[in-house]
Amino acid sequence: MDVDALRDLARRLACEAGTLVREHRPERVVVAATKSSDVDPVTAMDRASEELLRARIAAERPDDAILGEEGDDVPGTSGLTWVLDPIDGTVNYLYGVASYAVSVAVVVGPPDPARWTALAGCVHSVVDDRTWTAARGRGAERDGRAVRVGAPADLATSLVGTGFGYAPERRAAQARVLTRVLPRVRDIRRLGAAAIDLCLVADGTLDLYYERGLNPWDLAAGGLVAAEAGAFVGGLRGAPAGAGMTVAGARPVVDDLVTLLEEADADAAEERFAH
Ligand code: LIP
């Protein structure tokens, strides 16, 4: 696999879709539809960005499969799957909060974070044009310069990113976990786009990150960027990163966060607490 060529293609696709999103943002963005809940929006631009990405991949890599947030899965014969988030941070895009990105990754194996091997990826931050890239075994970059994960002294002085799901029960459980985490860290940042959060861990802007409920397209590219920058990227109780929990950060401090989240049952099914 020429992972450098795959990384360069991921960058080109993410930046092209990012230009579309930036240059064609309407004065007033409206919700085109809702998905998993009334507050889980999709906009016309989410769909347009994904259509562009799919068209380019079909033209340049016709044998590859596609797994995208807004469209149907496309099967392939090459064994490679492109994992697409056309706008990660859609609520931020909707309100004009400047933290949303196009995320493009390519993986080999089953299109499942627990079993795939990520080969290359790019996260392009639309508003400020920051672009993080990574290729397996080749390290991670931001705007063409190598990045390394920060080395926080301890959990108590760590700046931690996190996020919340779209379902009320999920949020109630995440709020409960937050009451256990907040007293134990420097502070929390809820920036609203997991792909960017993971890349901010990669370049040391955030010390740690955790979130329950991520979809494959939220973590595919950002997770590789963080891992190639030297971060641990995984779940709880030895599980891989995925919907159950995604945690990222430098060892040994990230291990203290993992322990805290395990003690707080942060990966427990919400029903356990819905009373
Ligand atoms: C978002 C994630 C974010 C999470 C939101 C949502 P979307 O993805 O990036 O971290 O907190 O609930 O899942 O829906 O904007 O692609």
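Computation of the quantities below employed the complete heavy-atom set of this structure, encompassing side-chain atoms and omitting hydrogens, waters and symmetry-equivalent molecules. Remember, it's a predicted structure, so these values are computed and weren't measured experimentally. Both ligands and their constituent atoms are indexed starting at 1 by order of listing.
- For atom 14 (O) of ligand 1, the closest non-hydrogen atom on the protein side is Tyr166 OH, 2.8 Å.
- Looking only at heavy atoms of the protein, atom 1 (C) of ligand 1 is closest to Asp88 OD1, 3.8 Å.
- Between the side chain of Asp63 and the main chain of Thr77, no donor-acceptor pair closer than 3.5 Å is present.
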Could you please spell out the steps behind the side chain to side chain donor-acceptor pair (under 3.5 Å) verdict for Asp40 and Thr34? CA-CA 5 Å; Asp40 179 4; Thr34 57; over 6 Å; no
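- Looking at ligand 1, you won't find any N or O of Val91 less than 3.5 Å from one of its N or O atoms.
- For the pair Arg25 and Tyr93, the cation-pi criterion (under 6.0 Å, within 45° of the ring axis) is fulfilled.
- Within the 4.0 Å heavy-atom cutoff, Ile87 counts among the residues contacting ligand 1.
- Looking only at distances, a side-chain donor or acceptor of Arg212 sits under 3.5 Å from a matching main-chain atom of Gly244.
- Set against the non-hydrogen atoms of Ala194, the atoms of ligand 1 under 4.0 Å away are 2 (C), 3 (C), 9 (O), 10 (O).
- A side-chain N or O of Thr157 and one of Asp154 form a donor-acceptor pair less than 3.5 Å apart.
- In terms of N/O distances under 3.5 Å, ligand 1 is approached by Glu211.
- Residue Asp40 places no N or O, backbone or side chain, under 3.5 Å from any N or O of ligand 1.
- Any N or O atom pair closer than 3.5 Å counts here, and Gly89 shares at least one such pair with ligand 1.
- For Glu70, no heavy-atom contact with ligand 1 is shorter than 4.0 Å.
- If you number the atoms of ligand 1 from 1 as listed, the ones under 4.0 Å from a heavy atom of Gly163 come out as 11 (O).
- Taking any N or O of Thr90, backbone or side chain, at least one lies under 3.5 Å from an N or O belonging to ligand 1.
- In this structure a side-chain-to-backbone donor-acceptor pair under 3.5 Å is missing from Thr43 to Val31.
- Atoms of ligand 1 lying under 4.0 Å from any heavy atom of Glu69, numbered from 1 in the order shown and given with element: 14 (O), 16 (O).
- In this structure, Glu228 and Arg148 approach most closely via the heavy-atom pair O-NH1, 3.7 Å.
- Nearest to atom 12 (O) of ligand 1 by heavy atom, out of Tyr93, Trp217, Phe164, is Phe164.
- A donor and an acceptor atom, one from each side chain of Ser103 and Asp88, are nowhere located under 3.5 Å apart.
- Residues Asp128 and Ser125 have side chains that bring a donor and an acceptor to within less than 3.5 angstrom of each other.
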